[in-house]
Amino acid sequence: MADKGLLLVLSGPSGVGKGTVKSAIVEHKVFPFEYSVSMTTRKPREGEVNGKDYYFVTREEFKQAIADNQLLEYNEYVGNLYGTPLGPVKEMLAAGKDVLLEIDVNGARTVRQQMPDGVFIFLTPPDLHTLRDRLEHRGTESEDVIRGRIAQARKEILVMQDYDYAVVNDTVANAVNHIKAIVDAEHVSVKRVIDDYRKMVKED
Ligand code: 5GP
């Protein structure tokens, strides 16, 4: 039987650039993994593809998925529901594949409770000025909303104490390289390989 894959959870404060870092990892296939496509009630943005970026569903469909226990976790974020379908994650891990989730900090907390063996990576802004610049550049938020998000980020940054790794998103290339290094190291961590060696020494 194939060994179980790693569950990689990429999270961090709102506006830190989780989506951009995730897209870079997916596009360049930086290491072999499967991306867990989330379900959301948010409307697709231009260029987003159903089944690739998200499963775009109605609120009723989402509520039904919750009632049917189909979600590993879910959260409401600025008026929309987001959740991780459980079935595909379990199947991919059982098939020995590494699975990448890119979710908000509330979702990551739930996953940590459900699957404590996961590798929890917290993406941080280099500093709060950079976060403000990013939110301003996005140009989609009013000054009030930006102030609210910075206040939220101040609280969210210390959430990193519940994670295994903190990766600074100074440039996307640096963040991606650090994440690749983490995944490589996790594959050879003693706690993950010890059982194979126990079996090996027993056979001799
Ligand atoms: P966006 O609407 O910009 O694609 O995503 C908004 C927020 O939802 C981001 O912080 C993203 O990480 C988070 N998100 C995306 N998918 C999921 C999910 O399945 N579960 C949770 N809890 N958050 C998600």
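All ligand and atom numbering here is 1-based and tracks the order in the structure. The figures here come from the full heavy-atom set of this structure, side chains too, leaving out hydrogens, waters and symmetry mates.
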Practice problem: Assess M39 for proximity to ligand 1: is some non-hydrogen atom of it under 4.0 Å away? | Solution: no
Quiz item: Which part of Y82 is near ligand 1, with near meaning a heavy atom under 4.0 Å away: side chain, backbone, both or neither?
Solution: both
Quiz item: So is G83 in contact with ligand 1, going by heavy-atom distances below 4.0 Å?
Solution: yes
Quiz item: If we ignore angles and hydrogens, is there a donor and acceptor under 3.5 Å between the side chains of Q64 and D68?
Solution: yes
Self-check item: Region of E73 engaging ligand 1 - heavy atom pairs below 4.0 Å
Solution: side chain
Exercise. Could you tell me which non-hydrogen atom of P126 sits nearest to which non-hydrogen atom of V168, and how far apart they are?
Key: CA-CG1, 3.8 Å
Quiz item: Side chain, backbone, both or neither: which part of K22 comes within less than 4.0 Å of ligand 1 when only heavy atoms are counted?
Solution: neither
Exercise. Check ligand 1 against R42 and write out every atom of the ligand that is under 4.0 Å from a heavy-atom position of the residue.
Key: 1 (P), 2 (O), 4 (O)
Quiz item: Is K22 close enough and on-axis enough to Y35, meaning under 6.0 Å and within 45°, for cation-pi?
Solution: yes
Self-check item: K29 to F33, cation-pi by 6.0 Å centre distance and 45° axis angle
Solution: yes
Practice problem: Flag yes if more than 12 heavy atoms outside Y82 fall under 6.0 Å of its OH atom; otherwise flag no. | Solution: yes
Quiz item: For H187, does the NE2 atom sit with more than 12 other heavy atoms under 6.0 Å from it, leaving out its own atoms?
Solution: yes
Quiz item: For K18 and ligand 1, does the shortest N/O to N/O distance drop below 3.5 Å?
Solution: yes
Quiz item: Has N106 got any heavy atom lying under 4.0 angstrom from an atom of ligand 1?
Solution: no
Quiz item: Can you find a side-chain donor-acceptor pair between T58 and E61 that sits under 3.5 Å?
Solution: yes
Quiz item: Looking only at distance, does E48 have an N or O less than 3.5 Å from an N or O of ligand 1?
Solution: no
Self-check item: Subset of ligand 1 atoms that lie under 4.0 Å from at least one heavy atom of N75
Solution: 22 (N)
Self-check item: Selection from V16, I103, D104 by shortest heavy-atom distance to atom 22 (N) of ligand 1
Solution: D104
